[in-house]
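Position 1 is the first residue of the sequence, and the numbers go up from there.
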Amino acid sequence: MYRIISILFIMFFIGCSVNNDKKIVILANEWIGYAPLFYIQKKGYLKEDNIEIFKTISLGESVDLYQNGLGDGLAATQYEYSLLRNKIIPIALIDKSNGADVIMSNLSIEKLKRQSKIYVFLELHSVNSILLNQFLKIYQIPKNRIYIKNLDQQEIVDYDYDFKKPLLIITYAPYDDMLKKRGFKIVDSTKNTKYLVVDALFIDKKYKNDSRIKKLKKYLFIAINEIQKHPKKVYDEIKTYYLNYSYEDYLNDLENIKWINGNKKILNEVFGEIHEN
């Protein structure tokens, strides 16, 4: 049902142009690192340029909508880029996860290592799968011990868990705060330097020379600067995008990412190319 609603809303966006340029729809989910994009949308900075930021429920949905022609760009990680690299180009690095991508469990790592079966919940076709593989490698847990349940992030939060079983969840802010309230604890995260998750803004190659992309990047960096200097002001603007998300949770999660906007060196190292506009 949510997917149908998403498609209808995007079709509405595309059909409501404010000028002669085709509307550019940027897809972004609720990851804390994408908060600057929602701030841009809320403030209406790009309305005259016919650019919309559309909220999705997951990285996977952003990819699906883009592949179905219902988006022109997306905020995503290196994993999603690997799936779409023939169609999109990175235009700006946003952040590096520094604890905001997490592995959660109802058991300690030592107890998990002793289990013959571990039930893993994650958004499989996303960067979550990279974290899972790294986690298993770091702690030498054989893959044949894990049983995977592929869910989007909201489904992970709402799932009816059997806490008598060994449970492992791969997720990220702000969903981890909801799972903490259900009794899960963080057992590892991207504060561990063995994990690498970076986020960037990508655009369809057909917009490579569109002058509006330069404005999009400009306002992205302005929004990041506003978050760093005036976090409460930005929170008050975007809180409708983050339901059941307190200001305290928001501040704590901001501590777990590093803004690295404009860092061409890192962008080139991770994605291998950058479009200058």
Main chain of [Y], side chain of [X]: is a donor-acceptor contact present, judged purely on distance under 3.5 Å?
{"X": "Asn128", "Y": "Leu122", "answer": "no"}
{"X": "Glu30", "Y": "Gln153", "answer": "no"}
{"X": "Gln115", "Y": "Lys111", "answer": "yes"}
{"X": "Glu123", "Y": "Leu59", "answer": "yes"}
{"X": "Ser189", "Y": "Val102", "answer": "no"}

If you measure from the Lys or Arg side-chain nitrogens to the Asp or Glu carboxylate oxygens, is any gap between [X] and [Y] under 4.0 Å?
{"X": "Asp177", "Y": "Lys181", "answer": "no"}
{"X": "Asp204", "Y": "Lys206", "answer": "no"}
{"X": "Asp72", "Y": "Lys23", "answer": "no"}

Could you tell me whether [X] and [Y] have their ring centroids closer than 6.0 angstrom?
{"X": "Phe184", "Y": "Tyr161", "result": "yes"}
{"X": "Tyr34", "Y": "Phe38", "result": "no"}
{"X": "Phe121", "Y": "Tyr159", "result": "yes"}

Checklist entry - Does any donor atom in the side chain of Tyr195 or Asp188 lie under 3.5 Å from an acceptor atom in the other side chain? => result yes
Checklist entry - Closest approach of His125 and Glu80, non-hydrogen atoms and distance? => result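 Distance-wise, the nearest heavy atoms are O-OE2, 4.5 Å.
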Checklist entry - Per the side-chain contact (heavy atoms from CB on, under 4.5 Å) rule, which among Leu132, Leu136, Ile130 passes with Gln134? => result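 The side-chain contact (heavy atoms from CB on, under 4.5 Å) with Gln134 is passed solely by Ile130 among Leu132, Leu136, Ile130.
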Report the residues that fulfil salt bridge (charged side-chain N to carboxylate O under 4.0 Å, His left out) with [X], sequence neighbours left out, ordered by chain and then residue number.
{"X": "Lys185", "answer": "none"}
{"X": "Lys258", "answer": "none"}
{"X": "Lys117", "answer": "none"}

Checklist entry - Does Tyr247 have Lys232 sitting over its ring (NZ/CZ under 6.0 Å from centre, angle to axis within 45°)? => result yes
Item to check | Contact list for residues 100-119, test ring pair (Phe, Tyr, Trp, His ring centres under 6.0 Å), sequence neighbours left out | outcome: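 Found Tyr119-Tyr147.
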Item to check | Of all pairs that satisfy ring pair (Phe, Tyr, Trp, His ring centres under 6.0 Å), the ones with a partner from residues 88-116, not counting sequence neighbours | outcome: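 Applying ring pair (Phe, Tyr, Trp, His ring centres under 6.0 Å) to every pair that reaches into residues 88-116, excluding sequence neighbours, yields nothing.
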Checklist entry - Pairs in or reaching into residues 145-157: which pass salt bridge (Lys or Arg N to Asp or Glu O under 4.0 Å), with residues at least two apart or in two chains? => result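 For residues 145-157, and leaving out neighbouring residues, there are no salt bridge (Lys or Arg N to Asp or Glu O under 4.0 Å) pairs at all.
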Item to check | Tyr172 and Trp31 aromatic ring geometry - parallel, tilted or perpendicular at 30°/60° bounds | outcome: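 Rings of Trp31 and Tyr172: perpendicular, over 60°.
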